[in-house]
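All chains are named by letter (A, B, ...) in the order of the sequence lines, taking the proteins before the strands, and each is independently numbered beginning at 1. The figures that follow rest on heavy atoms only: side chains count, while hydrogens, waters and symmetry mates do not.
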Amino acid sequence: GDSVTQMEGPVTLSEEAFLTINCTYTATGYPSLFWYVQYPGEGLQLLLKATKADDKGSNKGFEATYRKETTSFHLEKGSVQVSDSAVYFCALRKQYGQNFVFGPGTRLSVLP
Amino acid sequence: DAGVTQSPTHLIKTRGQQVTLRCSPKSGHDTVSWYQQALGQGPQFIFQYYEEEERQRGNFPDRFSGHQFPNYSSELNVNALLLGDSALYLCASSWTGTSGTGEQYFGPGTRLTVT
């Protein structure tokens with residue numbers, strides 16, 4: 001079945017460090033790919049998305065590129081802030097209107 | 001514009017009891033999906049409701065049931081609660097119409113603890 005794999009956390013970085021969180025997926029066809037963020041005590045918020053191969057999603061300094069050849073959607077940010085501390089979930093959606101399949105999440109802690 | 005709202009925020013139940021969780025979708029949305037998020041894990045899809053009918057279902061037992069009302073709000077019911085049902089239950093809403101993006105907007109969740 002469809003699945004999403006993420007790098008295990010927690011990831012601990014100093015402020016202004018470069019961030020990469022790896023995400024790979026298994027799915028037939030051409031799913032849409034998403035990154036969601038969950039801050040402590042809150043629900044999930046959409047961070048960015050890409051709907052076809054080679055698309056780059058970006059938001060708030062984060063970006064991820066849909067790589068069909070490596071079935072990957074790695075999340076990157078050039079300079080993290082303490083406020084970026086949260087849990088990040090990679091997800092896929094097979095078709096418009098269908099449910100999401102989430103990865104296990106990666107906890108990021110940014111230290112001042 | 002109110003986003004997705006869920007009630008209650010927290011709930012404590014005993015094994016064997018039944019529970020009902022409620023969700024009001026974002027204004028303009030007609031589809032509601034429910035997810036279970038166990039501690040330290042990603043959300044797992046339970047089911048989705050559209051036009052008051054269950055349209056999709058994940059790998060959850062029949063103890064999990066739902067309902068959607070004419071105003072698009074939804075309920076999740078869990079019968080015969082087990083300790084393993086302890087989790088954060090997330091509701092997500094979306095617009096199924098072709099003019100939408102199909103994006104799901106999540107509520108803050110209901111934290112269910114079964115003792």
Sort B:Tyr35 into side chain, backbone, both or neither according to what part of it lies under 4.5 angstrom from a heavy atom of chain A.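 The side chain, not the backbone.
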
Using heavy-atom distances under 4.5 Å, tell me whether B:Gln6 contacts chain A through its side chain, its backbone, both, or neither.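 Looking at B:Gln6, nothing touches chain A.
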
With a 4.0 Å cut-off on N to O distance, would you call B:Arg15 and B:Asp85 a salt bridge?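 A salt bridge is absent here (no side-chain N lies under 4.0 Å from a carboxylate O).
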
For [X], salt bridge (Lys or Arg N to Asp or Glu O under 4.0 Å) partners two or more places apart:
X	value
B:Arg22	B:Glu75
B:Glu54	B:Arg57
B:Lys13	none

Going by heavy atoms in the side chains, are A:Asp2 and A:Thr26 under 4.5 Å from each other?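 No, too far: nothing below the 4.5 Å cut-off.
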
Is there side-chain contact between B:Asn79 and B:Leu81, with heavy atoms separated by less than 4.5 Å?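 The answer is no, as the side chains (C-beta and beyond) never meet within the 4.5 Å cut-off.
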
Does anything in residues 53-74 of chain A get under 4.5 Å of chain B by heavy atoms, and if so which residues?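 None at all.
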
Portion of A:Leu44 that has a non-hydrogen atom of chain B nearer than 4.5 angstrom: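 Both backbone and side chain.
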
Report which part of A:Gln6 has an atom under 4.5 Å of a heavy atom belonging to chain B: side chain, backbone, both, or neither.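 Neither part; nothing is under 4.5 Å.
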
Verify side chain to side chain contact (heavy atoms under 4.5 Å, CB included) between A:Arg93 and A:Phe34, making sure each step is shown before the conclusion. CA-CA 8 Å; A:Arg93 186 185 70 202; A:Phe34 303 78; 3.8 Å; yes

So which residue, B:Pro108, B:Gly42, B:Pro43, ends up with the most heavy-atom pairs under 4.5 Å with chain A?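 If we count pairs closer than 4.5 Å to chain A, B:Pro43 comes out on top.
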
Determine whether the aromatic ring centres of residues B:Phe106 and A:Tyr36 are separated by less than 6.0 angstrom.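 Yes, the ring centres sit under 6.0 Å apart.
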
